[in-house]
Amino acid sequence: MLPEDPIFDAVGIMVWGLDVGIYDLMYSAWGWTIAEIVHFTGLCLLIGTVGMYDLRMMGLVRGLSLAALHRLVPFGVLGFVLSASTGFLFVVSTPDQYLYNPAWQTKMGLLALAGLNMVLFYLTASRRLKVLGPDDMPPLAARLFAGASLTLWLGVIAAGRVITAFRPPAWFWCAWCA
Amino acid sequence: MIDALAWIEQTRLSLFVREDFYAYFVLLIFHAWGMAFLVGGGIAVSLRVLGVASGTRLERFRGFFPVMWLGATLAAVSGLGLLAGYPAKALTNWVFALKFACLVAAALLVRQMARGAFPRAARGEAIPARARVMAAAALLLWLGGVAGGKMLLYTNTMLLTTD
């Protein structure tokens, strides 16, 4: 039995998924498996590019020009798009299992913080990095942004991995429900 | 072989992984982190050899190797824990061998690139075409390793020997 939810219409989302063919695609023989492979490939791309950039910006790896290394970041964006779009397919295919899931809500919260951290970084500390040489230690603010970024992305992964442990209705979070 | 798997399933470690609420998921988290660092580092090196971020010094990508080693260690230790919990699930599935083969081959290719292309780059020489082919192959193999890992969940013929 689904709750009175003033924001999300889980049944409506699922009906939409059925109408546009997402449901059939995901529940085809290899649909869910392929979506999971793409989801995790995106995650590896993100850690392999943004995560490695973060490690350099934290000062744990030296000898690489941050401005030049930033060319890896578009591949991280590609990874994020792969993960986010397949994540969307998962949610549309079985919305109640995600919307009211404590782990998924935590994951979305951490994702939002990672996004906010990125926006603040590009608005503030990123400008001062362009003049740094390959062996220079970035300023403290940049190191903190990088540490926060990596920690938040690892948090996103961890929360994602435990989604199946907190499945509704055994676990049920809905702070916005009546 | 089934007898050996059945014996593993009755060890205290195996029972703990299956019966403790947290154990299996903690192992899953560490496995994902480890794989992300191992495969992620491998992707970064391969992309660089293929010409992305060419303004950086290739040989200094060696700095990411400890991260990859850390990832490999985390993935291997947590992977052994997961394997202890459900040995029959993985060891009776050829996809598990495929996953392992892909990851080992990709890691060997990265080592080969580090021995061949890195010293050349340090001397200011161009990256040889052979290294670029290796990098492209490594990218595909890392992807194969990830794909194999995800497919394990959907291709196993048994979960426990008692099934």
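No hydrogens, no waters, no symmetry mates; every other heavy atom, side chains included, goes into these values. Every chain is numbered from 1, with letters handed out A, B, ... down the list of sequences.
Surrounding CZ of B:F65 are more than 12 heavy atoms belonging to other residues, nucleotides or ligands, all under 6.0 Å away. In this structure, B:W69 places its CH2 atom where only 12 or fewer heavy-atom neighbours from other residues, nucleotides or ligands lie under 6.0 Å away. In this structure, A:E4 places its CD atom where only 12 or fewer heavy-atom neighbours from other residues, nucleotides or ligands lie under 6.0 Å away.
Considering all non-hydrogen atoms of both residues, B:G40 and A:M52 come closest at C-CE, 4.1 Å. Residues B:V52 and A:R71 share a closest heavy-atom pair of CG1-O, 3.7 Å. Closest approach of B:A53 to A:A68, counting heavy atoms only: CB-O, 3.3 Å. Across all non-hydrogen atoms, the minimal contact from A:L69 to B:T56 is N-CG2, 3.5 Å. A pairwise comparison of heavy atoms in B:A36 and A:C44 identifies CA-SG, 4.3 Å as the closest pair.
In this structure, the portion of A:F75 lying under 4.5 Å from any heavy atom of chain B is its side chain and not its backbone. Both the backbone and the side chain of A:L154 come within less than 4.5 Å of a heavy atom of chain B. For B:T155, the part lying under 4.5 angstrom from a heavy atom of chain A is the side chain only. With a threshold of 4.5 angstrom between heavy atoms, A:T49 approaches chain B through side-chain atoms but not through N, CA, C or O. Heavy atoms closer than 4.5 Å to chain A are found in the side chain of B:F21, but not in its backbone. For A:W30, the part sitting under 4.5 Å from any heavy atom of chain B is the side chain, from C-beta outward, and nothing else.
A:L25 and A:V20 are not part of a single hydrophobic cluster, where members link through side-chain heavy atoms under 4.5 Å apart. When hydrophobic clusters are built by joining Ile, Leu, Val, Met, Phe, Trp and Tyr residues whose side-chain heavy atoms come closer than 4.5 Å, directly or via intermediates, A:V156 is grouped together with A:L116. Cluster annotation: A:L64 is not connected to A:M137 through the hydrophobic network of ILVMFWY side chains, with a link wherever side-chain heavy atoms come within less than 4.5 Å. A:L144 and A:V50 are not part of a single hydrophobic cluster, where members link through side-chain heavy atoms under 4.5 Å apart. Placement of B:L13 and B:L27 within a single hydrophobic cluster is found when ILVMFWY residues are connected by side-chain heavy-atom separations under 4.5 Å, directly or transitively.
Within the 4.5 Å cutoff, side-chain heavy atoms of B:Y154 are placed close to those of A:E36.
Put simply, of B:L153, B:I43, B:V45, B:L28, the one with the most heavy-atom pairs under 4.5 Å next to chain A is B:L28. For the set A:A165, A:A67, A:S65, the count of heavy-atom pairs under 4.5 angstrom toward chain B peaks at A:A165. Heavy-atom pairs under 4.5 Å with chain A were tallied for B:F61, B:Y24, B:Y22, B:W142; the largest tally goes to B:F61. Comparing B:G63, B:A147, B:G149, B:G148 by heavy-atom pairs within less than 4.5 Å of chain A, the highest count is held by B:A147.
Atom CG of A:L45 and atom CG of B:L143 lie 9.0 Å apart (nearest 0.5 Å). Remark: A:I157 CD1 to B:F30 CZ distance equals 12.5 Å, nearest 0.5 Å. Put simply, CZ on B:R60 and CZ on A:R62 are 9.5 Å apart, with the number rounded to the nearest 0.5 Å. If you take OG1 on A:T33 and CE on B:M151, they are separated by 7.5 Å, rounding to the nearest 0.5 Å. Put simply, CG on A:L43 and CH2 on B:W33 are 12.0 Å apart, with the number rounded to the nearest 0.5 Å.
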